[in-house]
Protein chains: 2
Amino acid sequence: MNDQNKQYLQIRNQLVAALAAERFKAQSKLPSERELSERYGCTRVTVREALMQMEAEGLIYRRNRRGWFVTPPRLVFSPTRKLNFMQMVDEQNRQGETRVASAEVVIGDADTCCELMLVPGEKIYEIIRIRSLEGRPVLYEFIYLSQSRFPDLLDQPLAQSLTVLLQDHYGERIAREQIRITSATIDPRATEALEVLPGRSGVCIRRCRLNPKGEPVERDVEYWLSDAIEVQVDTH
Amino acid sequence: MNDQNKQYLQIRNQLVAALAAERFKAQSKLPSERELSERYGCTRVTVREALMQMEAEGLIYRRNRRGWFVTPPRLVFSPTRKLNFMQMVDEQNRQGETRVASAEVVIGDADTCCELMLVPGEKIYEIIRIRSLEGRPVLYEFIYLSQSRFPDLLDQPLAQSLTVLLQDHYGERIAREQIRITSATIDPRATEALEVLPGRSGVCIRRCRLNPKGEPVERDVEYWLSDAIEVQVDTH
DNA sequence: TAGTGGTCTAGACCACTAT
DNA sequence: TAGTGGTCTAGACCACTAT
């Protein structure tokens with residue numbers, strides 16, 4: 001069975017053409033799977049193969065149990081340019097939104113304490129933020145900081161740039177970042193807010209942010225929808 | 001139906017435990033799907049759901065039509081450190097291999113000519129290399145360079161570091177790189193060598209390499225298996 | 001409350017791999 | 001040549017979403 005004979009690829013091609021012809025806009029909803037299977041004369045299993053193919057290509061995405069939607073353009077993230085989320089969003093003419101899902105004091109786990117050079121079991125802040133583009137949640141981020149270094153942090157406005165807050169309120173400047181990027185399963189705590197099925201893979205970005213002395217100040221663990229981000233790096 | 005009731009997640013958990021207990025080594029082959037469906041008392045469809053879940057987690061991978069295998073550790077790629085592939089591989093105690101799949105002169109497409117600042121339609125080299133870790137092909141790369149700038153390039157040893165070759169033989173030094181990283185469908189020309197199904201997604205790394213004057217010298221388009229790479233970036 | 005997507009059964013055929 | 005993974009049919013039930 002060669003590629004041309006695969007029914008799900010034929011359906012994929014017809015769907016791509018249909019989306020183009022009908023000028024489906026970003027985030028508009030596709031017809032239901034049952035309707036598509038009737039239209040293309042096959043079972044739902046085959047329609048889902050075609051849809052998942054288009055999902056892998058980044059053309060459409062699914063919102064858990066809600067259906068399939070047309071993917072908007074990616075946000076370009078340039079770590080070396082040191083822009084915050086809202087600056088990136090504005091520069092690219094997108095509509096961004098940040099929501100603080102939770103902010104509390106927790107016992108630091110081994111990994112986080114190690115990265116922040118704290119004693120294992122020390123109390124740290126865990127701030128969880130959800131960031132959206134044009135209303136679509138695309139990023140779920142965990143932020144960790146030392147409680148003793150930043151007293152009363154939770155009383156500050158946490159939906160804004162943390163970099164600015166740390167500098168203006170605590171006199172702590174971020175000078176360097178160590179960034180690790182992998183494909184990974186999206187954290188179970190993030191799947192509901194991102195409206196993805198538990199276990200789906202996304203892009204995981206781990207950041208350790210250091211002050212001019214080289215001391216770790218902040219640790220971020222970010223889960224992005226795979227189709228929502230492009231990372232750009234300039235090396236010198 | 002909550003998560004605990006999903007059969008495919010239960011099978012996933014049992015398989016993970018079995019792999020740990022039986023000390024399956026990297027790249028060892030799992031039992032066939034039919035054997036697993038018999039062992040776990042379900043249909044092949046459900047076994048495949050469990051396997052695809054583990055694939056998304058990066059625990060196992062499939063070789064097209066050959067079966068499912070245990071994933072080896074990721075290779076850490078640090079663009080800012082300017083190591084070549086073999087240096088990275090050696091440093092991480094891995095066994096690397098480079099194979100030149102093809103090397104020829106082609107008419108440059110619009111994208112490539114634009115990036116290399118050449119006249120559209122100019123002749124350029126296209127070098128295709130496949131890179132493996134412990135015998136597993138993980139990277140398929142397309143390399144583009146100006147033919148007129150690098151005469152007789154195809155007579156050189158192309159399986160080695162191109163950076164060294166350009167410097168020693170042509171006096172051209174790479175000073176800067178612009179890198180873009182996305183999740184993307186693996187190029188159709190790469191799927192056979194990487195032993196993946198056409199249309200599967202991977203990590204795409206596009207690089208434009210510049211000399212000290214800021215002139216583009218080389219363009220790379222790389223397709224990595226998603227589970228085979230971690231990108232590390234240090235910003236200053 | 002109607003309809004949807006997620007999950008699952010119980011098969012089948014075919015191209016391809018392993019040997 | 002035997003067996004495998006990839007593809008597909010024709011259903012079913014359920015939790016959840018949309019209204």
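Because only heavy atoms are used, hydrogens play no part in the values below, and waters and symmetry mates are left out as well, while side chains stay in. Each chain gets a letter, A, B and so on, in the order its sequence line appears, and its residues count up from 1. The shown structure was predicted, so the numbers you read here are calculated from the model rather than taken from an experiment.
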> Taking atom P of C:dG5 as reference, at what distance in whole Å does atom CZ of A:R200 sit?
Replying inline: 14 Å
> Does atom NZ of A:K29 have more than 12 heavy-atom neighbours, drawn from other residues, nucleotides or ligands, at distances under 6.0 Å?
Replying inline: yes
>> Does a side-chain N or O of A:Y8 approach OP1 or OP2 of D:dC8 to a distance below 4.0 Å, or not?
In response: no
>> Tell me the interatomic distance from B:E195, atom CD, to D:dG5, atom C1', rounded to whole angstroms.
In response: 14 Å
> Side chain of A:R66, backbone of A:N64: donor and acceptor closer than 3.5 Å?
Replying inline: yes
>> Output the rounded distance in Å from CD (A:E33) to P (C:dT7).
In response: 11 Å
> Which part of the nucleic acid, if any, lies within contact of B:R62, taking any heavy atom under 4.0 Å across all strands shown: a base, the sugar-phosphate backbone alone, or nothing?
Replying inline: sugar-phosphate
>> Tell me whether A:R131 is salt-bridged to A:E222, with the criterion being a basic N under 4.0 Å from an acidic carboxylate O.
In response: no
Anything under 3.5 Å between a protein N or O and an N or O of nucleotides 17-19 of chain D, put it in a table, one pair a line.
none

> At their closest point, which heavy atom of B:L153 faces which heavy atom of B:L145, and how far apart are they?
Replying inline: CD2-CD1, 3.7 Å
> A:N5 CG to D:dT7 P: how many Å, rounded?
Replying inline: 12 Å
> Is a salt bridge present between A:E115 and A:R180, judged by a nitrogen-to-oxygen distance below 4.0 Å?
Replying inline: yes
> Ignoring hydrogens and angles, are the base of D:dG6 and the side chain of B:R48 linked by a donor-acceptor pair under 3.5 Å?
Replying inline: no
> Are A:R189 and A:Y140 in a cation-pi setup, meaning NZ or CZ lies under 6.0 angstrom from the ring centre and within 45 degrees of the ring axis?
Replying inline: no
Find every protein N or O atom lying less than 3.5 Å from an N or O atom of nucleotides 9-11 of chain D, and list the pairs.
{"residue": "D:dT9", "atom": "OP1", "partner": "A:Q7", "partner atom": "NE2", "Å": "3.4"}
{"residue": "D:dT9", "atom": "OP2", "partner": "A:T43", "partner atom": "N", "Å": "3.1"}
{"residue": "D:dT9", "atom": "OP2", "partner": "A:T43", "partner atom": "OG1", "Å": "2.8"}
{"residue": "D:dT9", "atom": "OP2", "partner": "A:T46", "partner atom": "OG1", "Å": "2.6"}

>> Show me, range against range, the stems involving DNA chain C, built from at least 3 consecutive Watson-Crick or G-U pairs below 3.5 Å.
In response: C:1-18 with D:1-18
> For the residue pair B:Y223 and B:F142, does the interplanar ring angle fall in the parallel (under 30°), tilted (30 to 60°) or perpendicular (over 60°) class?
Replying inline: perpendicular
> 5'-most contact on DNA chain D: B:S32 or B:L197, nearest heavy atom basis?
Replying inline: B:S32
> Does a side-chain heavy-atom distance below 4.5 Å link B:L225 with B:V196?
Replying inline: yes
>> Cation-pi check for B:Y61 against B:R136: NZ or CZ below 6.0 Å from the six-membered ring centre and within 45 degrees of the axis, yes or no?
In response: yes
> Could you state the CD-P distance from B:E49 to C:dG5, rounded to the nearest angstrom?
Replying inline: 16 Å
